[in-house]
Amino acid sequence: MKLYPAVWRSTVINSNNTKLRVFNSSILAVLLYHVGTWRVTEIKEISLTYFRENVLGKILHFFWPMKLTNKALYRKARTVPVNEQIWRK
């Protein structure tokens, strides 16, 4: 997974849409693969949510001193929270 932080910070790929597509197709797809077959505990859901929000913040260049609500983060990324994706499947 060392490759992906370099992708998020890359200036060669200057489109956030491209970075979001890479994240959704390669990382999120693997994380949520067969999510309907494993038991989703609150701790797993919190871990997945934290990981996704962390990566989305890096892709969209939001860092610690900047205040951004999770709703605003998902709106900027044009996506929904992980728990909504889990319960859809």
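The side-chain hydrogen bond (donor to acceptor under 3.5 Å, both in side chains) check on Asn17 picks up Arg78, with sequence neighbours excluded. Applying the side-chain contact (heavy atoms from CB on, under 4.5 Å) rule to Thr41 yields the partners Arg39, Ile43, Lys44; only residues at least two apart in sequence or on another chain are considered.
Atom-to-atom distance recorded for Leu28:CG and Phe51:CZ is 8.5 Å, nearest 0.5 angstrom. To the nearest 0.5 angstrom, Arg75 atom CZ is 11.5 Å from Asn70 atom CG. Between Glu53 atom CD and Leu48 atom CG the span is 11.0 Å, to the nearest 0.5 Å. Atoms CZ and CZ, on Arg52 and Phe23 in that order, are 6.0 Å from each other to the nearest 0.5 Å. In this structure, CD on Glu42 lies 10.5 Å from OG on Ser47, to the nearest 0.5 angstrom.
Asn54 contributes no side-chain N or O that, together with a main-chain N or O of Tyr50, makes up a donor-acceptor pair within less than 3.5 Å.
Using a 4.5 Å heavy-atom threshold, the side chains of Leu73 and Leu60 count as touching. Side-chain contact between Asn16 and Lys19 is present, with heavy atoms from C-beta onward closer than 4.5 Å.
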TODO: Please assess Thr79 against Leu56 for the test side chain to side chain contact (heavy atoms under 4.5 Å, CB included), listing each intermediate value before the final yes or no.
DONE: CA-CA 10 Å; Thr79 187; Leu56 287 176; 4.2 Å; yes

